[in-house]
Amino acid sequence: SYSFIGWAISSSASTPDYTNGQTITWFINNAYFYAVWASDYQTITFKANGGVGDDTTQVAKSDSSTELELNTFTKLGYSFAGWATSSSASTPDYTDGQSITWFNTNTTLYAVWTADDQTITFKANGGVGDDTTQVAKSDSRTMLAMNPFTKAGHTFVGWSLDPDATDATYLNQEEITWFK
């Protein structure tokens with residue numbers, strides 16, 4: 001269904017130029033006024049915005065309280081922070097499931113993601129010293145910790161994700177972009 005929201009001087013207008021009953025001063029002859037209608041129901045489209053999952057939609061009744069549907073998207077190494085009206089937003093406009101009053105327009109909401117803390121554990125791998133850890137944010141530049149271990153008769157060449165590696169994947173204190 002549709003509701004009357006005002007009058008326009010263009011037949012293709014989606015927003016009114018005048019409200020119903022508004023007093024105006026008219027300077028031209030033979031004017032046509034076209035009724036402007038808005039749907040009583042609007043579509044909210046949810047986009048993953050770099051996350052994983054298909055776009056979803058929700059229908060909301062105009063000018064009434066609506067709870068936003070809960071997020072179903074995921075992004076490895078990130079936590080869902082909320083919804084924004086801009087795909088480039090770093091802070092959300094709405095929280096997950098927030099009750100809002102929706103107005104006379106279809107809209108798209110984009111997931112806002114916050115990088116998780118990732119723990120990097122350094123192991124002596126046959127050397128002397130206790131395991132150490134370092135925290136890095138997903139997808140952020142970080143400098144790896146300095147090697148705190150020693151091993152008699154050996155020279156430290158770097159870090160590897162494989163305990164049996166003979167070549168280093170990362171150098172001591174190398175700056176890397178850490179991914180989960």
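At a threshold of 4.5 Å between non-hydrogen side-chain atoms, the residues L144 and I120 count as touching. Contact annotation: the side chain of T85 never approaches that of T108 to less than 4.5 Å [non-hydrogen atoms, C-beta and beyond]. In this structure, L109 and T45 have side chains that are not in contact, with every pair of non-hydrogen atoms separated by 4.5 Å or more. A 4.5 Å side-chain heavy-atom check between T169 and W159 finds every atom pair outside the cut-off.
Taking the ring centroids of W83 and F80, they lie under the 6.0 Å cut-off.
Summarising the geometry, atom CE belonging to M143 is positioned 6.0 Å from atom CD belonging to E175; distances are rounded to the nearest 0.5 Å. Between K137 atom NZ and T142 atom OG1 the span is 11.5 Å, to the nearest 0.5 Å. Note that OH of Y78 and CH2 of W113 are 10.5 Å apart. Values are rounded to the nearest 0.5 Å. The CG atom of N172 sits 6.0 Å away from atom CE of M146, with the distance rounded to the nearest 0.5 Å. Here D96 contributes atom CG and L70 contributes atom CG; the two are 5.0 Å apart, rounded to the nearest 0.5 Å.
F149 and L161 fall within a single hydrophobic cluster, where Ile, Leu, Val, Met, Phe, Trp and Tyr are joined by side-chain heavy atoms under 4.5 Å apart, directly or via other members. Linking Ile, Leu, Val, Met, Phe, Trp and Tyr whenever their side-chain heavy atoms come within less than 4.5 Å leaves F156 and L171 in two separate clusters. Under the 4.5 Å side-chain contact rule for hydrophobic residues, V52 and V112 do not share a cluster. Linking ILVMFWY residues whenever their side-chain heavy atoms come closer than 4.5 Å, directly or via other members, leaves I5 and Y34 in distinct clusters.
No donor-acceptor pair closer than 3.5 Å links the side chain of N49 to the backbone N or O of Y110. Judged by distance alone, the side chain of N106 and the main-chain N or O of T43 form a donor-acceptor pair under 3.5 Å. Using modelled atom types, one side-chain atom of D116 and one backbone atom of S79 make a donor-acceptor pair closer than 3.5 Å. A donor-acceptor pair is defined here as one N or O able to donate and one able to accept, closer than 3.5 Å; such a pair exists between the side chain of S138 and the backbone of G77.
Here the shortest heavy-atom pairing between A8 and V36 reads CB-CG2, 3.5 Å.
Applying the side chain to side chain donor-acceptor pair (under 3.5 Å) test to every pair with at least one member in residues 51-60, sequence neighbours left out, gives these pairs: K47-D55. Sorted by first and then second residue, the salt bridge (Lys or Arg N to Asp or Glu O under 4.0 Å) pairs involving residues 66-89 (not counting sequence neighbours) form an empty list.
A side-chain donor from one of S10 and S12 sits under 3.5 Å from a side-chain acceptor of the other. For S86 and S88, the side-chain atoms include at least one donor-acceptor pair closer than 3.5 Å.
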Sequence neighbours excluded and cut-off under 3.5 Å, please list the side-chain donor-acceptor pairs for residues 14-22, or say none.
{"residue": "D17", "atom": "OD2", "partner": "I9", "partner atom": "N", "Å": "2.9"}
{"residue": "N20", "atom": "OD1", "partner": "W7", "partner atom": "NE1", "Å": "3.1"}
{"residue": "Q22", "atom": "OE1", "partner": "T19", "partner atom": "N", "Å": "2.9"}

